[in-house]
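Have a look at the structure below, then the notes.
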Amino acid sequence: MPLEDVSTRPESTDVPVLPADRPAFAPAQPSSTARYRGLIWLVAAAFFMQALDATIVNTAVPVISGALHVTPLSMRTALTCYVLTLAIFIPMSPWLCDRFGTRRVFGGAILVFSLGSLLCGLAQTLPQLVMSRIIQGLGGAALMPVGRYVLVRSIDRHEFVKSMTTVATFGLLGSVFGPLLGGALVEFTSWRLIFLINVPVGILGLLLNRSEMPDYRLDRVHRFDTFGFMLFAGASALCLLAAETIGSKGQSVAITGYALGALVLASLYVRHSRRTAHPVTDLSLLKVRTVWVSLAGNLFTRLGVSGMYLLLVLFLQIGCGWSPLAAGMMMVPQAIGSITVKPFIDRLLTHFGYRRLLLGNTIAVSVVLCSFAFLSPHTPPWFIAGFVYIYGAVMSLQYTSMNTLAYVDLDVKHASMASSMASTAQYLSMSFGIALASLLMAGFLGSHDADGYVWAFRWSVIVLGMVTLAGSWIFGRLHDTRPASV
């Protein structure tokens, strides 16, 4: 018996018979975006909540570190463990959807994410906070890939970029307003509320999930690739351990062991994936040019920009003496820049194509990152706001273009796996990006006073800009690819 998609959406079987002398006029069908408007809003809300939680801690880092009696830079573990957990467990989402259905998996993800948020708000030590963040990551691991997969299955191809633009806008707003909300809560209430606010939002998400989420699944499901998952998870964890340990005194042997272990496990996984019928991550999709360019370009771009939130908050709060709320408010111009560009992205991609747009915009992102080095404690706030606005505009264009590129040349049957791989690459690069930014900041930090943080910030953003620039070469490997049109 062949595998068939099963959906819980009702289908009408009553077909009225029209008189032979009357022409039959089929009523105009609403567009897929209109039919699935509730679904788009549900996925957008999930993206917003996840992005909010990935960045809301940044503004509160100095306060939380003081409350937990650790240094600000040591808080990076609480940031990286969350995104690494997302990256490790995201490859499970396609199999879980096939086995249990998208509605049940998405609802379970919201439930676990909310539970992890509650535990984060109750944490008393840094290890407790780290473990609670891992639980959050377990729930969040299914939110983005399942949301993308359902949109790919439900939205017509020529409307997909527009729908993803809407969803990505809320994701960006969450990542931008996270520091603002975190600063306000820390300054006027308690840092614990930055986690506890997810609980009522999660309850609302569970209610919407029951009514708006389609239930795509398979009649018969292949066996889960447990061995491949363990190899992939081990390689990812060891990579991050190596990155986290670099810079620690007397740890050269441990760093070498972590790096070699990651390399061995990654090599074993590549060999394993070629010999199994249903690998947890199907590397054969990398044969499609748009897929491997999207994933590799994502890696280098996010490696350079993912730690920018943390660095900017440390620069403004410690280097410039700003309050948490003032530092968080400086993220608002980025949201405005993002919103300004969003309505034009579809037309820009259609006119210029993915190659020219991503090539030029990646260079622009690199230049903007390096330009942050000109900032100082004496720079007027309006001037800093201008830099942040431009940064938000170019990053909005970059994220939406990269996120849709992977699906341009793929058949819908590969959408679930492509969504999983795209999300995995995104969060792996984010975890490494945060670790790299923290490592650079610690390496350039000569003293722990304000001047030391300003100096370290300047050199760190220059290095990160050069890392991002490497992505432009990758996007130059594209052909003249453009979004699907009507």
Side-chain angles (χ1 to χ4, degrees), residues 54-80 82 126 129-130 175-192 194 244 246-248 304-334 368-388 391 433-465:
T55 58
I56 197 172
V57 183
N58 291 337
T59 312
V61 161
V63 174
I64 298 178
S65 63
L68 301 182
H69 308 292
V70 294
T71 63
L73 286 176
S74 65
M75 283 292 297
R76 69 178 183 269
T77 305
L79 305 178
T80 56
Y82 172 75
L126 181 58
L129 180 61
V130 169
S175 63
V176 170
F177 283 112
L180 172 60
L181 182 58
L185 291 175
V186 165
E187 188 162 342
F188 298 112
T189 58
S190 168
W191 65 267
R192 299 184 184 279
I194 67 178
E244 289 271 358
I246 292 177
S248 302
V305 304
S306 295
M308 189 60 192
Y309 288 118
L310 178 61
L311 296 189
L312 190 58
V313 163
L314 293 177
F315 167 74
L316 293 177
Q317 288 193 43
I318 302 178
C320 301
W322 290 23
S323 67
L325 179 59
M329 288 184 65
M330 193 49 67
M331 301 299 108
V332 175
Q334 180 173 349
V368 172
L369 276 177
C370 293
S371 299
F372 273 99
F374 292 104
L375 303 181
S376 74
H378 306 291
T379 304
W382 64 265
F383 192 82
I384 299 178
F387 263 88
V388 175
Y391 178 73
I434 295 171
L436 175 61
S438 302
L439 174 64
L440 292 173
M441 196 76 170
F444 290 121
L445 192 63
S447 60
H448 288 271
D449 57 8
D451 291 338
Y453 274 89
V454 171
W455 174 266
F457 171 79
R458 288 174 172 173
W459 283 104
S460 296
V461 294
I462 291 175
V463 175
L464 293 178

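Numbering starts at 1 and runs along the sequence shown. Computed over heavy atoms, backbone and side chain alike; hydrogens, waters and symmetry mates excluded.
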Can you tell me how far apart CG (Leu375) and CG (Leu316) are? Round to the nearest 0.5 Å. 8.5 Å

To the nearest 0.5 Å, what is the distance between CZ (Phe374) and CD1 (Ile384)? 14.5 Å

Nearest heavy atoms of Trp191 and Ala67, plus distance in Å: NE1-CB, 3.8 Å

So which heavy atom on Ile434 is nearest to which on Ser306, and how close? CG1-O, 3.8 Å

Taking all heavy atoms of Gly307 and all of Ala437, pick out the closest pair and write down the distance. CA-CB, 3.6 Å

Measuring from Ser460:OG to Leu369:CG, what's the distance to the nearest 0.5 Å? 11.5 Å

Using side-chain heavy atoms (C-beta onward) and a distance below 4.5 Å, is Phe372 in contact with Leu311? no

For Val63 versus Pro324, what's the shortest heavy-atom pair and its separation? CG2-CG, 4.5 Å

Roughly how far, to the nearest 0.5 Å, is the CG atom of Leu129 from the CD1 atom of Ile64? 6.5 Å

So for atom CE, which belongs to Met329, do other residues, nucleotides or ligands contribute more than 12 heavy atoms lying within a distance under 6.0 Å? no

Under the side-chain contact (heavy atoms from CB on, under 4.5 Å) criterion, do Phe315 and Val461 qualify, and how do the steps go? CA-CA 11 Å; Phe315 167 74; Val461 294; over 6 Å; no

Compute the centroid of each ring, for Tyr453 and then for Phe457, and state whether the two points are separated by less than 6.0 Å. no

If you measure from CG on Leu312 to SG on Cys320, what distance do you get to the nearest 0.5 Å? 9.0 Å

Does a side-chain heavy-atom distance below 4.5 Å link Leu464 with Leu440? yes

In short, Gly465 meets Cys370 closest at the heavy-atom pair CA-SG, 3.9 Å

In a check of side-chain contact (heavy atoms from CB on, under 4.5 Å) between Met75 and each of Ser65, Pro62, Ser438, which one passes? Ser65

For Phe387 versus Ser371, what's the shortest heavy-atom pair and its separation? CE2-CB, 3.1 Å

To the closest 0.5 Å, what do you measure between CG (Asp451) and CG (Leu445)? 11.0 Å

